[in-house]
Amino acid sequence: MASEPRVAGSPLDLIGGTPLVRLDSVSRRAGAEIWGKCEFLNPTGSVKDRPARLMVERAEAEGRLRPGGTLIEGTAGNTGIGLALVAAVRGYRCVFVIPETMSPEKIQFARLLGAEVQLSPQVGWDDPRHYSQVARRLEQELDNAVYLNQFDNPANLDVHYLTTGPEIWEQTGGAVDAVVMGAGTGGTISGVGRFLKERRADVSVVLADPEGSVYRPWVESGEPRAEGCSILEGVGIGRVPGCFDRDVIDDALTVPDQDAVDEVYRLLWDEGLFVGGSSGLSVAAAVRWARDAGRGRRIVCNLCDSGARYRSTLFDADWLARHGLRRPER
Ligand code: PMP
């Protein structure tokens with residue numbers, strides 16, 4: 001069956017409009033209808049292409065970013081890669097600060113796209129070496145430079161309210177019972193959740209949280225305290241940022257890393273989908289939530305980025321073993 005091929009005037013016009021795919025074997029396991037939003041099909045391979053574009057467009061429109069300027073961001077990698085795409089098309093320089101524990105593939109991809117990458121140690125938000133603090137200082141030091149600050153930049157939530165949420169609504173014909181997603185900045189779940197709830201107040205918005213994140217405790221008790229730690233990239237956080245809208249979250253589940261990893265391999269072997277750890281987190285949480293909520297629900301998960309980004313980590317048995325995790329058996 002042929003589908004309508006897309007024609008785009010610029011690579012930036014390829015951002016968004018991602019397909020929704022039914023996950024058959026996951027649905028059977030969950031006793032529900034589970035669908036995946038294919039954000040890994042954005043032009044650089046992740047959901048963060050969406051906010052990258054809108055954050056730059058708003059900075060331009062507000063006059064904060066002038067021609068030839070420099071984009072600065074603190075990022076787990078995907079936002080930086082998305083910004084490097086926008087910068088390539090629009091002629092900006094990029095300087096990113098990325099924690100050294102992020103996958104080598106992401107750091108390499110950002111550099112290949114022309115970004116200058118500084119690595120930061122994995123330290124708390126208050127530490128001056130934390131990537132957000134280094135990025136903030138760089139903005140002061142460099143000329144015509146803008147720190148985009150995805151964590152508190154309203155464009156990062158708005159883009160999902162304006163695009164991802166409406167796409168899910170349209171793709172499901174409004175018949176969606178729940179969305180289950182991880183949160184890094186919280187922009188995706190907050191923007192999608194806000195849009196869907198305005199359409200249908202009874203849509204459940206479910207946060208899938210890794211160990212060591214303050215989000216679930218914050219949602220449940222108002223106390224942002226974290227226990228444990230996780231190898232999942234781009235999800236979970238040590239402080240609650242401006243882009244996280246607690247009011248739209250109905251429920252939160254913590255998913256152990258091994259469950260997320262197991263789900264990544266099941267998506268690969270049972271569905272033929274090569275996606276990263278936060279996608280496994282989202283799907284594993286959806287299966288758990290569906291079993292508790294009762295049969296037959298229609299649930300949308302977020303397939304946030306490509307597995308190619310984690311070849312040397314999630315898809316390497318030795319790396320997994322070094323991090324106390326098991327590579328599942330087929
Ligand atoms: N998954 C991955 C792989 C990501 O890079 C991100 C972005 N940090 C997310 C999920 C979560 O997206 P958001 O920042 O919108 O919460």
Side-chain angles (χ1 to χ4, degrees), residues 16 18 36-42 44-55 73-83 96 98-99 101-103 105-107 109-110 131-132 148-165 179-195 205-210 213-216 219 230-246 248-249 252 255 260 263-264 267 274-285 301-310 313-314:
T18 54
K37 181 77 171 142
C38 297
E39 290 303 299
F40 63 90
L41 291 178
N42 277 297
T44 76
S46 99
V47 63
K48 299 303 296 202
D49 289 358
R50 295 181 190 254
R53 178 183 179 176
L54 190 63
M55 289 195 297
E73 188 59 299
T75 162
N78 282 337
T79 304
I81 292 166
L83 286 170
F96 301 138
I98 302 182
T101 49
M102 297 300 110
S103 83
E105 288 88 339
K106 288 201 287 192
I107 294 166
F109 190 13
Y131 61 85
S132 64
L148 292 154
N149 188 11
Q150 57 173 331
F151 292 94
D152 303 301
N153 187 331
N156 173 34
L157 186 157
D158 293 348
V159 78
H160 296 290
Y161 178 86
L162 295 168
T163 69
T164 324
V179 290
V180 183
M181 295 178 173
T185 64
T188 313
I189 195 166
S190 304
V192 167
R194 198 178 279 177
F195 178 85
V205 177
V206 182
L207 171 76
D209 218 20
S213 170
V214 300
Y215 278 137
R216 187 180 61 85
V219 165
S230 169
I231 54 96
L232 300 178
E233 297 186 20
V235 282
I237 200 163
R239 68 147 183 131
V240 180
C243 284
F244 186 76
D245 182 359
R246 183 182 167 198
V248 303
I249 312 288
V255 177
E263 199 63 66
V264 164
L267 287 166
F274 188 36
V275 292
S278 72
S279 308
L281 173 89
S282 167
V283 174
C301 300
N302 210 9
L303 306 179
C304 309
D305 68 356
S306 161
R309 237 149 246 203
Y310 308 98
T313 61
L314 297 176

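We use all heavy atoms of the structure for the numbers below, so side chains are in, but hydrogens, waters and symmetry mates are not. If you read the sequence from its start, that first residue is 1, and numbering goes on from there. Whatever order the structure lists ligands and atoms in, that order sets their numbers, starting from 1.
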key: Test item: side-chain donor near acceptor, Gln150 and Thr185, under 3.5 Å   =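 Checked: Gln150/Thr185 side chains show no N/O donor-acceptor pair below 3.5 Å.
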Taking only residues two or more places apart in sequence or in another chain, which ones pass side chain to side chain contact (heavy atoms under 4.5 Å, CB included) with [X]?
| X | answer |
| --- | --- |
| Thr163 | Arg50, Val159, Glu167 |
| Ser230 | Pro210, Leu232, Asp257 |
| Ala285 | Val180, Ala208, Leu253, Val255 |

inquiry  = If the test is side-chain hydrogen bond (donor to acceptor under 3.5 Å, both in side chains), which one of Asn42, Thr44, Thr79, Asn78 qualifies with Asp49?
reply    =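 Answer to the side-chain hydrogen bond (donor to acceptor under 3.5 Å, both in side chains) test with Asp49 among Asn42, Thr44, Thr79, Asn78: Thr44.
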request  = Select all protein residues for which some heavy-atom-to-ligand 1 distance is less than 4.0 Å, and list them by chain and number.
outcome  =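 Contacting ligand 1 under 4.0 Å are Lys48, Asn78, Ala183, Gly184, Thr185, Gly186, Gly187, Thr188, Glu233, Gly234, Val235, Ser278, Cys304, Asp305, Tyr310.
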Donor-acceptor under 3.5 Å (Ser190 side chain, Cys243 main chain) =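 Yes; at least one donor-acceptor contact below 3.5 Å.
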